[in-house]
Amino acid sequence: MLALPSAAAPAPRRQLFVGTALGCVAGGALIGAMLALWMRLRTSALDVPDGRWIPRGIKVPMVPANTMLLAFVPIYVFVQWAVWAARRDARSQTALALSLVGVIGLAVVNAQAYIYARMKLPINGKGATAFNAMFYSITGTYVLLVIIGIGFSLITAFRYMGGRTSDREIVSAHALYWYFLGALFFALWFVVYVTK
Amino acid sequence: MTTIDTHAGGAPTTTSSARVVGEWLTTTDHKRIGRLFIGVSLVAAVGLVVVATLLGIERIDAEAAMLDINSIPQIFALYRIGLTFAVLLPLLLGIAIAVVPLQLGARSLTFPRLAAAGFWTWFIGTVLVMISIVANGGPGGGDAKFVGLFLVSHIVLLLGLVAAAGSLATTILTTRAPGMNMRRVPVFAWSSLVGSLGLLLVLPAVIGALIYNYIDYRYGRIGFGGNVAINDWIGFGFTQPATFVFAVPVFGFAAEVIAVSSGRKLPMRGVIFTGLALVGISAALGGILQQPAAVSRDISHFSLGDWLSDVLPYGLFNLLPVLGGFVVIALGALAMRGGRPRIIAPLVFGLLGALMVFVGMVANAVYQIGDAQLAGTVFEEGAWLYIVYGAVLSALGAVTYWGPKLWGRLIPDKQVLPLAGLGFIATVLASLPYLIAGFAKQPANASEFDYSGPQNLWNGLSAAGHLLMFVTVLAFIGLALRSFTKGADAGDDPWDGQTLEWATSSPAPYANFTDVHTVASAEPLLDLKPRRDR
């Protein structure tokens, strides 16, 4: 058997951070593809004479959608605050920051539910277009990603508060994921809510 | 300097069959996860090649229908989706999961539970997809419940593959032996990284289309055409150029085994890496952008707008992968030149497999030439078959090559080498007639048609090719089962390898290596061996 030089155990690589980044890539491809199909079908629907994309009588409420977008501003601040606090072993601040992220994440989900309730968009029926099912599909998929983010916040908080204060990588990965969710929502907000 | 403990103790062996089953069901050992992928894929390959044979026979004579005409669209779906997502993709992914951490000098896969969850998710999804198609679901299916089941289970299947690919990609990026920078990773590991990153781009796009299709189908059937149009929306996932992404590891394996059999270092590794990246990136982008990339032969009168809208996408998504494949094959040939490569079974499998995939890529480039008028013909199926069967051939070679490291035993070269030739003949026989029949305008996905060519001849030859492939895969499974359970001990380095996986015992212990090793080159073992003929 050949002899290779042995080495000291390597420094931990940022596995969770890189894994989260790759997960964000996959999530970006998912929502990106859905947005692309949305635009494609929208164009097809409007190219027809007298074609409609949004069914008659349906109004897309912009206020809660804009609020969802604005909610990412404090989320961005709080996730970075959590990273900053974790680096300084400030447990209470880290816990507070992570909790706030989770709460605002819940508010984002709540706002989406409010949009559904306000729009009263039937998923099928008379006058329905492809818009109906696609609206629920893409926004529902995004809500699922946000719920995953809230779960990430909970797990990060529990791990950190449970004593693993040296595990700062998870706090960084958590921040990365929420940055990704914010960027994704910006694209979704523009295509689905603004462009309609 | 520390010698490697060649027979380090691993996980305790058990004799109770229930415990063994339980261990396999709950394993987080990447070698077992990889073998699960490989085993299930090979079994699926046997079944699906039978389906392919039946379709080939059905197309021999349009008058005599062996299969129910109403079930033909679903049988085609089973054939295409099955061979892509239940054979091609998981087979190569499984080999990579089993082998790449060993090549990197890592003790385990990153996120092993994620990879294990990925396998079981894929397995359950695959079973449900098969059931739904057989039960009159699937594209063109008549039973709404099972069409819905097909769409959902397809999502589940793809999620499993995404999870496994994510785990593999993270391992390659973060868990390497000291001294192993990205330029020193083995070629197969690099190709697996390119492939898995491509999967992370392409498969979620297919999932997105499936989500839309499912919600629309379940609740309204307004925007997506219902069950008959499913393939229009998700077909990009199992046609070219997406299949190039799935088959990238074929080129990595070929380059690796060429180097080992020649006893030489691969020349211009950076260029080989670039070639592999070209195949992966351009194919992944082509797959997810779905931009029409057909071009006319007569480009002399093209305006700048025509160049940008037609020629550029054509070149990017169809010619760049061909260039990448050519670079890898050419540099591999350069490595063999001047040396005396040992003709070992993995080399023959690897070379033939890579050649077949390359031919499929070239065929696809021809298919995209609008003036050839090949759209809607079986030409595309012929190109796809070259890629799928070429990848299967390569995978058989990879199992032969790395089998000793996983099972500790060797498949005798003399017994497995004829299967390489048989598999090659099977691939050509199954695929080439469809390329010819495509020029004669045989329509795609149809069992009843009327066209100008000798229908019996081309379809008969193709059916014979599928049958030969069935024999090849079945024979290989039998030979592998016998050799890996009762065959001769392989020794730790039966191929005179160059990379880290050959520096540990065969079979590799649970944690792969007892010591962490430092590497100073891309071929750490080759540097330690007496110079053979480099």
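In what follows, chains are A, B, ... by sequence order, proteins preceding strands, each numbered from 1. Note: hydrogens, waters and symmetry copies are ignored here, and every other heavy atom, side chains too, is used.
- L200(B) approaches A29(A) most closely through the heavy-atom pair O-CB, 3.9 Å.
- Applying the 6.0 Å contact sphere to CD1 of I281(B) captures no more than 12 heavy atoms from other residues, nucleotides or ligands.
- Along residues 100-109 of chain B, no residue comes nearer than 4.5 angstrom to chain A, judged on non-hydrogen atoms.
- A pairwise comparison of heavy atoms in A26(A) and V162(B) identifies CB-CG1, 4.4 Å as the closest pair.
- Neither the backbone nor the side chain of S44(A) comes within less than 4.5 Å of any heavy atom of chain B.
- Within 6.0 Å of the CZ atom in R91(A), the count of heavy atoms belonging to other residues, nucleotides or ligands exceeds 12.
- Using a 4.5 Å cut-off between heavy atoms, L197(B) touches chain A through its side chain atoms alone.
- At least one side-chain heavy atom of F111(B) sits less than 4.5 Å from a side-chain heavy atom of L16(A).
- Between L30(A) and I211(B) there is a side-chain heavy-atom pair separated by less than 4.5 Å.
- Separation of atoms CE (M34(A)) and CD1 (I207(B)) is listed at 10.5 Å; rounding is to 0.5 Å.
- Results of the side-chain contact (heavy atoms from CB on, under 4.5 Å) test with V18(A) over T171(B), T170(B), T175(B) single out T170(B) as the only residue that passes.
- The 12-atom threshold is not exceeded at CZ of R56(A), counting heavy atoms of other residues, nucleotides or ligands nearer than 6.0 Å.
- Only the side chain of F224(B) comes within less than 4.5 Å of a heavy atom of chain A; its backbone N, CA, C and O stay farther away.
- Taking CG of L22(A) as the start and CG of L199(B) as the end, the distance is 12.0 Å to the nearest 0.5 Å.
- Heavy atoms of other residues, nucleotides or ligands lying less than 6.0 angstrom from CZ of R183(B) number 12 at most.
- Per-residue heavy-atom pair counts under 4.5 Å with chain B were compared for N132(A), T141(A), I31(A), L41(A), and the maximum is reached by L41(A).
- Scanning both residues, T174(B) and Q15(A), for their nearest heavy atoms gives OG1-CG, 3.3 Å.
- No donor-acceptor pair under 3.5 Å is formed between the side chain of Y212(B) and the backbone N or O of S137(A).
- Atom OH of Y114(A) is surrounded by 12 or fewer heavy atoms from other residues, nucleotides or ligands within 6.0 Å.
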